[in-house]
**Q** 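Sharing a structure, written as structure tokens. Questions coming.
Keep in mind that the numbers below use all heavy atoms, side chains included, and drop hydrogens, waters and symmetry copies. In this chain, numbering begins with 1 at the start of the sequence shown.
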Amino acid sequence: MDNQNIASSKKYILVFVALVALVLISTGIRTLNLGYLNPLLTIGLAGVSAIIVLTQFMKIKLDGSFARLLVAGILALALLIFFVAFVG
């Protein structure tokens, strides 16, 4: 039996607490008037949440290099769309 892919419940609780904290921080940022930084911070926090979900629940770090390359390409495309939408 290979127990390498089995995570403890403590790890899942920590991930849950981290994701809830990021949602609360993101919601709190909306109440502040930071100008153009509001969408940047909110999207940054969403990106951190996505990375946590990708690495902990989708096990991207255990997959091969093609999956990592695919995720990197999708993130690069999202950043390009974000840049064009807010700068252009």
Side-chain angles (χ1 to χ4, degrees):
M1 265 276 165
D2 183 21
N3 292 333
Q4 181 181 359
N5 293 335
I6 298 174
S8 67
S9 59
K10 181 180 177 182
K11 181 179 178 182
Y12 284 124
I13 290 171
L14 289 174
V15 169
F16 175 74
V17 168
L19 290 173
V20 168
L22 286 170
V23 167
L24 291 175
I25 292 169
S26 178
T27 305
I29 286 175
R30 291 190 58 173
T31 62
L32 300 174
N33 186 11
L34 300 175
Y36 68 92
L37 288 178
N38 277 22
L40 293 176
L41 290 174
T42 305
I43 291 174
L45 289 171
V48 170
S49 298
I51 289 172
I52 291 173
V53 170
L54 283 171
T55 58
Q56 300 303 316
F57 296 121
M58 297 178 72
K59 306 293 186 200
I60 291 295
K61 63 183 176 183
L62 298 177
D63 288 339
S65 59
F66 178 72
R68 292 181 192 151
L69 182 65
L70 187 63
V71 169
I74 291 170
L75 289 175
L77 181 63
L79 285 174
L80 178 66
I81 291 171
F82 176 74
F83 180 76
V84 169
F86 282 102
V87 174

**Q** Assigning hydrophobic clusters by single linkage (Ile, Leu, Val, Met, Phe, Trp, Tyr; side-chain heavy-atom cutoff under 4.5 Å), is Ile43 placed with Ile25?
**A**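 Cluster IDs for Ile43 and Ile25 match.
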
**Q** Which residues pass the side-chain contact (heavy atoms from CB on, under 4.5 Å) test with Val17, not counting sequence neighbours?
**A**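 Testing Val17 for side-chain contact (heavy atoms from CB on, under 4.5 Å), a comparison that skips the adjacent residues, returns Ile13.
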
**Q** Between Leu22 and Ile51, is there shared hydrophobic-cluster membership here, with clusters defined by ILVMFWY side-chain heavy atoms closer than 4.5 Å?
**A**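 No.
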
**Q** I'd like to check the side-chain contact (heavy atoms from CB on, under 4.5 Å) partners of Thr27; sequence neighbours left out, ordered by chain and number.
**A**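 Result, side-chain contact (heavy atoms from CB on, under 4.5 Å) vs Thr27: Val23.
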
**Q** Taking side-chain contact (heavy atoms from CB on, under 4.5 Å) as the test, write out the residues that go with Leu34, two or more places apart.
**A**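 Leu32, Leu37, Asn38, Leu41.
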
**Q** Report whether Phe16 and Leu24 are members of the same hydrophobic cluster (ILVMFWY, side-chain heavy atoms less than 4.5 Å apart, transitive linking).
**A**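 Same cluster.
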
**Q** Among residues at least two apart in sequence or on other chains, which ones pass side-chain contact (heavy atoms from CB on, under 4.5 Å) with Leu19?
**A**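 For Leu19 the side-chain contact (heavy atoms from CB on, under 4.5 Å) partners, ignoring immediate neighbours, are Val15, Ser49, Ile52, Val53, Phe57.
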
**Q** Can you list, by chain and residue number, the hydrophobic cluster partners of Ile81 when the side-chain cut-off is 4.5 Å?
**A**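 The other cluster members (ILVMFWY side chains, heavy atoms under 4.5 Å, direct or chained) are Leu77.
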
**Q** Considering all heavy atoms of both residues, which atom of Pro39 and which atom of Gly35 are nearest to each other, and what is their separation?
**A**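 Scanning both residues completely, I find the closest heavy atoms to be CD-O, 3.9 Å.
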
